[in-house]
Amino acid sequence: MTPTAKILLLGSGELGREFVIAAKRLGCHIVACDSYAAAPAMQVADASEVFSMLDGDALHAVIDRHRPDHIVPEIEAIRTEVLAEVEAAGFHVVPSARAAQLTMNRDAIRDLAAGALGLVTSRFEYATSRDELAAAAQRVGFPLVVKPVMSSSGKGQSTVHSADGIDAAWDYAAAGMRGDRLRVIAEAFVDFDYEITLLTVRHRGGVSFCPPIGHRQESGDYRESWQPAAMSAAALQSAQAMATTVVDALGGYGIFGVEFFVKGDMVIFSELSPRPHDTGMVTLLSQSLSEFDLHARAILGLPVPPVAVPHASASAVILADRDAADFAITGLPDALVPPDAATHVDVRIFGKPVTRPGRRMGVALAQVVGGTVEEARAAAVAAAARVQIRYG
């Protein structure tokens, strides 16, 4: 059988794994790439390549070897100028090489949002040294959130409450950065009521939205998410308008994870990823088409129907707490027992070959028919707690 499309997936973590499964269901041939062997998406793909995607020559060579119909970035740490070169040569980069370049680093997408597009953001400055960060902190004020301009899963992010914390924040950001640019964004802490991810799909039929996803973070990394997140009609309309503005500016087709802080009816743009979002793991249970299915459909030019969330749903992560290559996942029989007949519980184990402190190894999902988001969150957290990582 001739595949419907050949996809080169750049980054093969848990989000890539679920995307591969969605695209395989639509008949695609997937080549999964990452910097280490046996990454989660590689385990379900047709072929794999192991190399650093910050190595421009290696990236060029892999693209030339496989000649994919679609190049789909799953991570930020990619030599994006290569994507621009191959796009100019006729390859299709998802959603576009420009989008990959602008979202690889927080500074580029923030400059676009706050500058060219005029979206509401927090006050912020950039720093490339410890002294610059100290000076920026005095201008922006405390408390201050410090993040590397390139990182993932909240790595390197901290909140600074006084000048005494600047050195530690700089060191932590430098240790948590990805790529080869030592630069941080220092932004004023936003006094928000809650934060959401608005999954926004840009496709041949226009722009569509999933119901908003609420989430809880620790150290800048997602721990729980739930859907639908309650918000006022005015706030939702504002978030959708801002999301449409920024995804139209980036162009291309695919799903975008657009993050906002919300204070009453006021909505503040935070960040954007031009790919499935980790907080959107909840859509594996909450929606008839998950964020991964929607991403695949949009990329392939297939119809994208309206999305609804019929019942309150939630996700909770399963974390490792140490470095280990010898470990086992236990507790699934207990985790998969729902607390009552109205609740459905599921668990996804990512298949990562090694553990690290704070590394996501799986996610628990819960949906409560006719129930509340609070009930779904409680069920997901309880299921996640029953899954244990036993170290050898």
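Values in this document were obtained by computation on a predicted structure and should not be read as measured data.
Cation-pi geometry between Arg183 and Tyr126 is satisfied (NZ or CZ under 6.0 Å from the ring centre, within 45° of the ring normal). Because its NZ or CZ atom is both nearer than 6.0 Å to the ring centre of Phe124 and within 45° of the ring axis, Arg110 counts as a cation-pi partner of that residue.
Within the 4.5 Å cutoff, side-chain heavy atoms of Phe19 are placed close to those of Ile7. Counting heavy atoms from C-beta outward, Leu83 and Phe91 have side chains that stay 4.5 Å or more apart. In this structure, Cys33 and Val50 have side chains that are not in contact, with every pair of non-hydrogen atoms separated by 4.5 Å or more. Using a 4.5 Å heavy-atom threshold, the side chains of Phe292 and Leu15 count as touching. Phe256 places a side-chain heavy atom less than 4.5 Å from the side chain of Pro274. Considering only heavy atoms from C-beta on, Thr283 stays 4.5 Å or farther from Val307 through its side chain. For the pair Pro143 and Val160, the minimum side-chain heavy-atom distance is 4.5 Å or more. Using a 4.5 Å cut-off on side-chain heavy atoms (C-beta onward), Ile255 and Thr200 make no contact.
Separating the CD atom in Gln138 from the CG atom in Leu144 is a distance of 10.0 Å, to the nearest 0.5 Å. Separation of atoms CD1 (Ile75) and OG (Ser273) is listed at 12.0 Å; rounding is to 0.5 Å. In this structure, Ser238 OG and Leu119 CG are separated by 9.0 Å, a value rounded to the nearest 0.5 Å. Note that the OG atom of Ser270 and the CD1 atom of Ile196 stand 11.0 Å from one another [nearest 0.5 Å]. Atom CZ of Arg202 and atom CD1 of Ile299 lie 14.0 Å apart (nearest 0.5 Å). Remark: Thr343 OG1 to His311 NE2 distance equals 11.0 Å, nearest 0.5 Å.
What you find for Ala235 and Val267 is that their closest heavy atoms are O-CG2, 3.3 Å. Across all non-hydrogen atoms, the minimal contact from Pro68 to Ile63 is CD-O, 3.6 Å. Scanning all heavy atoms of the two residues, the minimum distance from Val190 to Ser122 falls at CG2-CB, 3.5 Å. When every heavy atom of Gln227 is checked against every heavy atom of Pro212, the shortest pair comes out as CG-O, 3.7 Å. When all heavy atoms of Ala364 and Ala384 are compared, the closest pair comes out as CB-N, 3.5 Å. In plain terms, the two heavy atoms of His344 and Leu285 that are nearest each other are CD2-CD1, 3.2 Å.
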> Given the rule in the side chain to side chain contact (heavy atoms under 4.5 Å, CB included) test, do Ser35 and Leu54 qualify, once you have shown the distances and angles that lead to the verdict?
Replying inline: CA-CA 10 Å; Ser35 59; Leu54 290 171; over 6 Å; no
> For Glu375 and Arg377, what are the C-alpha separation, side-chain angles and deciding distance, and is it a salt bridge (charged side-chain N to carboxylate O under 4.0 Å, His left out)?
Replying inline: CA-CA 5 Å; Glu375 290 170 328; Arg377 289 180 64 184; over 6 Å; no
> Yes or no on side chain to side chain contact (heavy atoms under 4.5 Å, CB included) for His295 and Val72, after CA distance, side-chain angles and deciding distance?
Replying inline: CA-CA 10 Å; His295 196 42; Val72 180; 4.0 Å; yes
> Step by step, would you call Leu336 with Arg386 a side chain to side chain contact (heavy atoms under 4.5 Å, CB included)?
Replying inline: CA-CA 9 Å; Leu336 291 171; Arg386 295 187 184 106; over 6 Å; no
> Can you list the steps and then say if Leu59 with Leu10 is a side chain to side chain contact (heavy atoms under 4.5 Å, CB included)?
Replying inline: CA-CA 9 Å; Leu59 180 55; Leu10 301 180; 4.0 Å; yes
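Val140 and Val120 end up in different hydrophobic clusters when Ile, Leu, Val, Met, Phe, Trp and Tyr side chains are linked at under 4.5 Å. Under a hydrophobic-cluster definition in which Ile, Leu, Val, Met, Phe, Trp and Tyr are linked whenever side-chain heavy atoms come within less than 4.5 Å, directly or via other members, Ile268 and Tyr194 are assigned to different clusters. In terms of hydrophobic clustering, with Ile, Leu, Val, Met, Phe, Trp and Tyr side chains grouped at heavy-atom distances under 4.5 Å, Val363 and Val381 are assigned to different clusters. Cluster annotation: Met281 is not connected to Val201 through the hydrophobic network of ILVMFWY side chains, with a link wherever side-chain heavy atoms come within less than 4.5 Å. In the hydrophobic clustering of this structure, Leu284 groups with Phe350; members are Ile, Leu, Val, Met, Phe, Trp, Tyr whose side-chain heavy atoms approach within less than 4.5 Å, directly or through other members.
Ring geometry for His70 against His92 counts as perpendicular: the plane angle is over 60°, on a 0 to 90° scale with 30° as the lower cut.
Lys352 contributes no side-chain N or O that, together with a main-chain N or O of Pro40, makes up a donor-acceptor pair within less than 3.5 Å. Looking at Asp293, its side chain does come within 3.5 Å of a backbone N or O of Ser290 through a donor-acceptor pair. Remark: the backbone N or O of Ala234 is not paired with any side-chain donor or acceptor of Asp265 at under 3.5 angstrom. Between the side chain of Asp193 and the main chain of Gly264, a donor-acceptor pair closer than 3.5 Å is present. No donor-acceptor pair closer than 3.5 Å links the side chain of Glu259 to the backbone N or O of Phe269. Within the 3.5 Å criterion, the main-chain N or O of Ala97 finds a donor-acceptor partner in the side chain of Glu87.
Using modelled atom types, one finds a donor on one side chain and an acceptor on the other under 3.5 Å when comparing Gln367 with Ser313. Side-chain contact annotation: Arg223 with Gln217, donor-acceptor N/O pair under 3.5 Å absent.
Salt-bridge check for Glu14 with Arg348: failed, with every basic side-chain N at 4.0 Å or more from each acidic carboxylate O. Looking at Arg79 and Glu85, no side-chain N of the basic residue comes within less than 4.0 Å of a carboxylate O on the acidic one, giving no salt bridge. Using a cutoff of 4.0 Å between basic side-chain nitrogens and carboxylate oxygens, Glu195 and Lys263 are not scored as salt-bridged. Using a cutoff of 4.0 Å between basic side-chain nitrogens and carboxylate oxygens, Glu187 and Arg123 are not scored as salt-bridged. Comment: Glu132 does not engage Arg130 in a salt bridge, judged by the lack of any side-chain N to carboxylate O separation of less than 4.0 angstrom. Look at Arg360 and Asp278 and you find a salt bridge, because one of the NZ, NE, NH1 or NH2 atoms lies within 4.0 Å of a carboxylate O, short of that distance.
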Show which side-chain atoms of residues 314-329 pair as donor or acceptor with protein atoms under 3.5 Å away, not counting sequence neighbours.
residue : atom : partner : partner atom : Å
Ser315  : OG   : Tyr222  : OH           : 2.8
Ser315  : OG   : Ser225  : OG           : 2.6
Asp321  : OD1  : Tyr391  : OH           : 3.0

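Counting non-hydrogen atoms of neighbouring residues, nucleotides and ligands closer than 6.0 angstrom, the CD atom of Gln388 exceeds 12 such neighbours. By the neighbour-count criterion of 12 heavy atoms within 6.0 Å, atom CZ of Arg25 is sparsely surrounded, having that number or fewer from other residues, nucleotides or ligands.
Of the candidates Glu291, Glu76, Glu74, Arg275 forms a salt bridge (Lys or Arg N to Asp or Glu O under 4.0 Å) with just one, namely Glu76.
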